[in-house]
Each structure stands twice: as C-alpha cells, then as structure tokens.
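Notes to accompany the following structure.
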Amino acid sequence: MSGNQFILILVVFLWNYGSCQGYPKVRLSGSSVPHSGRVEIFHNGAYGTVCDDGWTIEATHVVCRELGFRKGETFHYDSIYGPGGGEILLDNTRCRGDEASILDCDHNTIGRHDCTHAEDIAVTCISLPITEPPPPPRERFELRLRNPNAVEPIFEGILEMQLEDDKWRTICADDWNIDAARVACGHLGFKTAYKPTAKYKNKDYKRKTMIRTSVECVGTESLLSDCEIDELEHRKYCKSRKAVALKCEPAEYGHKFSNRPNPIGTGKKPEKKPGKNNSPEVQSEQGNYNPEVRIKAGAYIGEGRVEVFHAGKWGTVCNVGWNLVSASVVCRQLGFGSAKEVIFDAGFGQGIGPVWLWNINCKGNEKSILDCYHGSWNGSSCTHYDDVGVRCNVPKHDLKKDVRIAGGRWGSEGRVEVKVDNTWGYVCGDSWNMLDALVVCRQLGLGYARQSLPSTRYYGNRPRGAMIMSEVHCTGKEWSLMDCPHTIRTNTTCSLPNARAGVICDVALPDVILDVHRLREYLYLQDLPRHLLRCAAEEGCLSEAPDNYGGSRRLIRFSSVIMNRGLAVFKPFLQRNDWVWHACHLHFHSMEVFSTYDLISRDGEKVAEGHKASFCLEDTECDPGHTKRFTCTTEQGISVNCKDNYKHSIDCQWIDITGVKSGNYILKIHVNPDRFVGETDYDNNEIQCELYYSGYSVSPGRCHYSYDL
C-alpha cells in the first residue's frame, strides 16, 4: 500500500468516525427548552424528521431515554414546533417501550412514508435528566389479593406480588397512593380503586414477606410492574409497618350472570339531555342505554375488535395512535381493568361499516374513548385491514374446576364432564348446540367452539359415570357452563344411550357476513310460471299459497354475497361423502340450510319464507393480494377475505310472496342460521331491511345487522 492510499483510507475513516461520534442519532429541535421539541434523527449525514403516524407514548419514552431523560411526559401532533427541513425519515413507528433507540422500533423502511412536514412528531420529556445509564427492563410479576374469607373474584384484601422465585410477597405501604391503587386494580382486572374499608390484624399483613416499597405510578400504566418500584432491604425499614391493602370497584362480573357487566362488552354513556346530536336510544335486556363502544369477535371475555357507535352506525378503530393507554380507556369504559395487550392489523378479523376513529391520543384518565383527542370522524385513509383490538385485564376466576373434557384425540376436543357435589358426570346432548360448546371452550381456555357434538360415541367405548346435567341453554355470553340455565339430576335419561355432549375447540375460526350493498343492488320482483320451477318445488322453495292467475308464482329475487372476514376458512361441517344428492338439480348439497329468508309484517308476523342450500361454496372474488382457493368442482369453502356470490338468477334465491298483500315489511336474511359451522361472531349473520311492496314492485329501505337494532 502506498503512502497516498494509506492517507486516503485514514481520512475516510476519521470522517466516518467523526460523523458517527459527533452527531447524536436523535435530537429535539424547534424549542427553547432542551426537554421538548420536534423529533429528528441522523441518517446518511443529515437530520430528518419523524411522521406522527403510529406514534405512541411508548415511542416517546424510547426517545426521551435515548436523550438521557428519565421518560417521556407527552407527545404532540401537527408539527407544533414548526415543520422540519430535510427528509421525513421514519413513518408508522411502533415501539414496545423498552428499546434502546428509536431506530430499534418497528417502522417503515427509512425514507419511505406518505406524510408531509405538517405531520412531524414532537415530544416533551420529563425535564429531570438521569446521569446514570438507563435502567434495565422492569421485572414482570403477577398480582393477587389475599382475603381468606372472600370468594372469587376477590376485590378487597392484602396485595401480594409473585416474583421469579414463585413466592408471593407483600408491598410496604410507605408512599402508597390512589394512583398506584388504580394501576394495581386495573392490573387485577377491576375498573378503579377505593379506600379500603376492611380491618386487618397484624398477622394479616405478613410483614416478613415484604420485598418492595415506594411504588410511584402516574396512574395510567397498564400494569403495576410498569411503575417505579424500589426494593426493600429489610422489613424494619418499612416506616408504616403495614403491607398494602387494596379495595377495587366491586366486580360487576362474576360467576352469576346477573351481576356482571353487559356480557356483549358494551359501554354506556352518561345520561344526556335530549338534543339533536344525541345518538338514538337502544333497548336491551338490561334497560335503556346509549351504546358507545364494544368489543367483538374475541374468544374470551374482555377481548375483541374495538368498535364505536357514531351517527347511528357502528364502526371500527384504525391503528394510527392506538396504544396501551387508549386501549385501557376502552377496557375501563367497558367495566374491565386496564389493557393487557393491544392488537393490530385486524387480529380479530375485519369489521364492517366506517373506520370511525384514527389518530387517537388519550391521556389515560378519560371516561370514554370518545373523550380522547382523535382525527375527524371517518377521515383517514385506513381500511378494515387496519382495525384494532384489545385484550383487557379481567378478574381471575377458577373456571376450570367444574368442567373438563376427556376422551378426545387431542386436548382441544372430547366429551364434556361437569363436577357436581364433588362427583364428575356427563352432559346430555339432546339440546346441546354451538352456543353451549362456545361457553365450554372459553371456560377451559381453549379458544372458540369449532363444533358442538350432541353425541360422542366415536370417542371409544362407553365410559363409566352418570349423566347428571341436561337441558343446557346458553346464550354464548356466559363465563361458565354453570351460569347457563340447566337441570341437574342424578342419572338423567337422554334420547340415546350415547348422547353424551362434546366439543371441538379451535383458536381460529371464520366469520361470514352478508354484503348489504350487493343485496340492495340486485333486489326485484319477478313472476314465473310454475312449470319452470319444478326443481325448486322439490326442494321446498315455493310457498303453499295457490298459484296466481295463469299458474305463476310471484318471487322477490335478490343476490346474496357472503364475505368471510374471520381468521380461518369457512367450510361445510359435513364431510363430502355425507353430502346430499339432488337429482333434479343434479348437484350435491353440502349444507341443506345455508341461509334462511323471511318476510315479516310490521306487527311481527312471518308472512313468507324461503331458504337456500349450499350446493357450491366457492371463492367467487377475493380482496387484492388474496388468491382464490375453493371452487365447486374441487374443494368447497370460502377463504379468508374472499366472497361467495349466490346470484339472484339461480333457483331458490328468492322468497315466494304469492298471495301476500301489498304493504310495508321487513326482509330478514340469516346466514349459517343453525350455527352448524363455528364462527368467531354469530351476531353479524343476520340482517333486516325495510321493504315496501306495492303489489307490482318492491323498494328496499334501510338495512341493519339485526344485532345492532
């Protein structure tokens, strides 16, 4: 190597070294104080800005700690410190909160964005800097309330924490305040905290087990382990000589159906004076309330896709700004504790309706998610692929002690066994259905119910034990099978000796939804002569009313486009060799009743009806990026994010209204009405449309999913 080459290499090295050492990776600009400003990062020899899409308080903490501050205080949208110069380097930044650098967080490829400098993010850090290196990630621990005289869920008692040694320890009450109590109650699954009222004896405090003290919380943390907690060297240093006692809001949910919150997970607005901007009042079995938020399609209580009610419609929430703080507001609004986990990218399946909320920024103390700052209603470019969900902390219940499954091929299926008076027995399968199975799968922590089994004889030889439970009628919202209406009787007699109920559980299921827009688009009246309807008559698709003059039938025809917005494919519940052959139409029926159609008068009387068998479940069309998999001639089913179109022109895609008088009616269409195929959500399977029949034509009015009426 020549001398000139060595000097050139040395210059390049020193230039790059100086560039790396001389410029911090992140800085705050545009402000007169060092702890607040526009976030800028250093890349390729220049500083650039960060777009506010996806920015959360966790990202703020990362930036502030990277700059030497203890943590973040808040963040600011809309370029409040002025637009930056240079490139926009980061977009859709998502941090857990424990990263060493903002560049360690998930984000788009550097320089790839759809933002302007009007969206530059800014942060404010807690101004007291730290001189020592950032602390390691905080330890995670479980909490419980110890109260020997209480039954689950326990909402008042001595607070204990379980550390890595699996031992339960108490916390010194020094410096304990209402903010820490609120976080602890949220961690335990309760909405808020109150001042303890119970009196405890010295022995109840177990001061020998004290291991932590001086808990410092803001009050919006999701877990107590997110707060600042000091170690207690010895119990003698606990000045109060007491362990923390905690009282949470008494559980509105528990084992009894009557004392838990609305099981569908619906928040309630405070009462408002009548006004033109108020949402319409909805009637429920628990009284009149104005619904504001709900969670849907979750396998367990306290989890699901977040939906909000606005302008008379339910819609979803976009992932922009969604974090544990905003999710905790939703959880507490629904009567649960804080948020345990946030779910992105339609993790509970895609919703329907508008994407109402986006760009959410909650402080954490709001009563409602609608009290948080957010972008204009339905004003984002988000799609339902961006729908968010939440898993809330809920009170602990020992739900598995009274039910189990056995005899199956694997742990997620088998005969259902229940324990009554310390004796295990079986459940009669005579009335057993999918809603009953759903409760069992949830209770055992096995996810959704894929199939309900009225008989389990193929699980092997006749098992020992008595049939002790029968006439089970669950709504699907209960925590426990014992919460459902049922009958307990020793040696219950069923219709068949082997009619022992069973379940098959799964962690992912489909969710089929009717496309309302396509229904309205192809809905019309047609008269056809009976001799052209021979095959339809054989399948029971014509009413018993006499023919019109000339031997014709009057039909309301429409298209049914069925979308699968769930997490798994929708397939017939029968195996192919069990399908029924129909000689007239020359095809098999994989499901004898795939949809039902009813015409209802204004006084609730059904005046006409129809049904549609599934002779061909296939992927007629799919969303961009998804490939068709199922066809009529090969394997039948509907893939995730694909649609099956039963066109208005095919047989039985109608209601025969021959002889029906003109007037106003309700058209009701129900997909998968018998719930033979398991889904994540059955509430969106039925729609109702206002319909005017003049005697010569039909005109559709407003359509709603029946669950939302």
Side-chain angles (χ1 to χ4, degrees), residues 51-56 77-78 91-94 108 113-115 119 265-267 279 291-298 303-327 329-331 333-334 339 342-362 366 368-391 511-518 561 563-567 622-626 640-643 680-681 683-684 687 702-705 707-708:
C51 181
D52 59 19
D53 291 350
W55 193 267
T56 64
Y77 292 120
D78 303 327
D91 189 17
N92 291 323
T93 308
R94 293 179 184 168
N108 290 359
H113 63 88
D114 57 356
C115 306
E119 300 170 84
T266 303
S279 301
E292 189 173 83
V293 65
R294 68 185 183 188
I295 49 179
K296 300 290 294 177
E303 71 170 32
R305 180 179 57 251
V306 178
E307 299 182 355
V308 295
F309 191 76
H310 175 70
K313 294 181 181 179
W314 285 99
T316 60
V317 178
C318 177
N319 56 25
V320 178
W322 187 248
N323 56 27
L324 281 171
V325 176
S326 51
V329 172
V330 168
C331 290
Q333 185 177 356
L334 294 173
V342 291
I343 308 298
F344 295 100
D345 303 325
F348 289 106
Q350 293 188 49
I352 50 181
V355 182
W356 279 132
L357 289 187
W358 64 290
N359 208 14
I360 302 171
N361 183 9
C362 298
E366 295 87 351
S368 164
I369 188 65
L370 302 187
D371 295 335
C372 301
Y373 170 86
H374 58 82
S376 58
W377 291 100
N378 198 25
S380 71
S381 59
C382 300
T383 70
H384 285 300
Y385 282 94
D386 303 311
D387 288 345
V388 300
V390 65
R391 289 191 174 98
D511 183 20
V512 291
I513 306 170
L514 189 71
D515 189 329
V516 175
H517 301 290
R518 299 283 280 275
V561 178
M563 308 177 287
N564 180 6
R565 295 307 193 199
L567 307 173
C622 296
D623 291 353
H626 295 267
V640 176
N641 296 324
C642 293
K643 302 176 182 178
T680 61
D681 187 3
D683 293 329
N684 54 20
I687 68 165
R702 297 181 62 188
C703 294
H704 297 273
Y705 290 91
Y707 180 74
D708 294 340

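Just so it is clear, the values below take in all heavy atoms, side chains as well, and ignore hydrogens, waters and symmetry mates.
At least one side-chain heavy atom of N641 sits under 4.5 Å from a side-chain heavy atom of Y385. Annotation: side chain of V355 is not in contact with side chain of D386 (no heavy-atom distance under 4.5 Å). With contacts defined as side-chain heavy-atom distances shorter than 4.5 Å, the pair I295/F348 does not qualify. Residues Y705 and D683 have side chains not in contact (no heavy-atom distance under 4.5 Å, counting atoms from C-beta outward).
Judged as a side chain to side chain contact (heavy atoms under 4.5 Å, CB included), and not counting sequence neighbours, the contacts of C622 are D619, H626, K628, C642. Residues passing the side-chain hydrogen bond (donor to acceptor under 3.5 Å, both in side chains) test with H384, sequence neighbours excluded: T316, D387. Legend: residues meeting side-chain hydrogen bond (donor to acceptor under 3.5 Å, both in side chains) with D371, ordered by chain and number and at least two apart, are absent. By the side-chain hydrogen bond (donor to acceptor under 3.5 Å, both in side chains) test, D511 is found to be paired with N684, residues two or more places apart in sequence or in another chain being considered. Taking D114 as the reference, nothing meets the salt bridge (charged side-chain N to carboxylate O under 4.0 Å, His left out) condition, with sequence neighbours excluded. With sequence neighbours excluded, the residues forming a salt bridge (charged side-chain N to carboxylate O under 4.0 Å, His left out) with D515 are K643, listed by chain and number. Residues that satisfy the side chain to side chain contact (heavy atoms under 4.5 Å, CB included) test with L514, not counting sequence neighbours, are L519, S560, I562, I669, V671, I687. Listed by chain and residue number, Y77, V320, Y373 satisfy the side chain to side chain contact (heavy atoms under 4.5 Å, CB included) test with N359 (two or more places apart in sequence, or in another chain). Residues that satisfy the salt bridge (charged side-chain N to carboxylate O under 4.0 Å, His left out) test with D681, not counting sequence neighbours, are K296. Residues passing the salt bridge (charged side-chain N to carboxylate O under 4.0 Å, His left out) test with R391, sequence neighbours excluded: E303, E341. Shown here are the ring pair (Phe, Tyr, Trp, His ring centres under 6.0 Å) partners of W358, two or more places apart in sequence or in another chain: there are none. Partners of T56 according to the side chain to side chain contact (heavy atoms under 4.5 Å, CB included) rule, which considers only residues two or more places apart in sequence or in another chain, are E58, A59, N323.
Note: W356 and W377 have perpendicular aromatic rings, judged against thresholds of 30 and 60 degrees for the angle between ring planes.
Closest approach of G349 to R305, counting heavy atoms only: O-NH1, 3.1 Å. The minimum heavy-atom distance linking A339 with L324 is given by the pair O-CD2, 3.7 Å. Here the closest non-hydrogen pair linking N361 and C372 is O-CB, 3.7 Å. The two residues V390 and A327 make their nearest non-hydrogen contact at CG2-CB, 3.6 Å. Nearest approach of G321 to S326, heavy atoms of both residues: O-OG, 3.9 Å. When all heavy atoms of I369 and Q333 are compared, the pair lying nearest together is N-OE1, 3.0 Å.
Judged purely by atom type and a 3.5 angstrom limit, E119 has no side-chain atom pairing as donor or acceptor with the backbone of D53. Side-chain N or O atoms of D345 include none that pairs as donor or acceptor with a backbone N or O of G347 at under 3.5 Å.
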side-chain contact (heavy atoms from CB on, under 4.5 Å) between R565 and D623, intermediate numbers included
CA-CA 11 Å; R565 295 307 193 199; D623 291 353; 2.8 Å; yes
Check the pair R94, N319 against side-chain contact (heavy atoms from CB on, under 4.5 Å), reporting the backbone distance first and the verdict last.
CA-CA 10 Å; R94 293 179 184 168; N319 56 25; 3.0 Å; yes
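Taking CG from N108 and OG1 from T93, the interatomic distance works out to 7.5 Å, rounded to the nearest 0.5 Å. The CD atom of E307 sits 11.5 Å away from the CG atom of L357 when rounded to the nearest 0.5 Å. Expressed to the nearest 0.5 Å, how far CD1 of I352 lies from NZ of K313 amounts to 11.0 Å.
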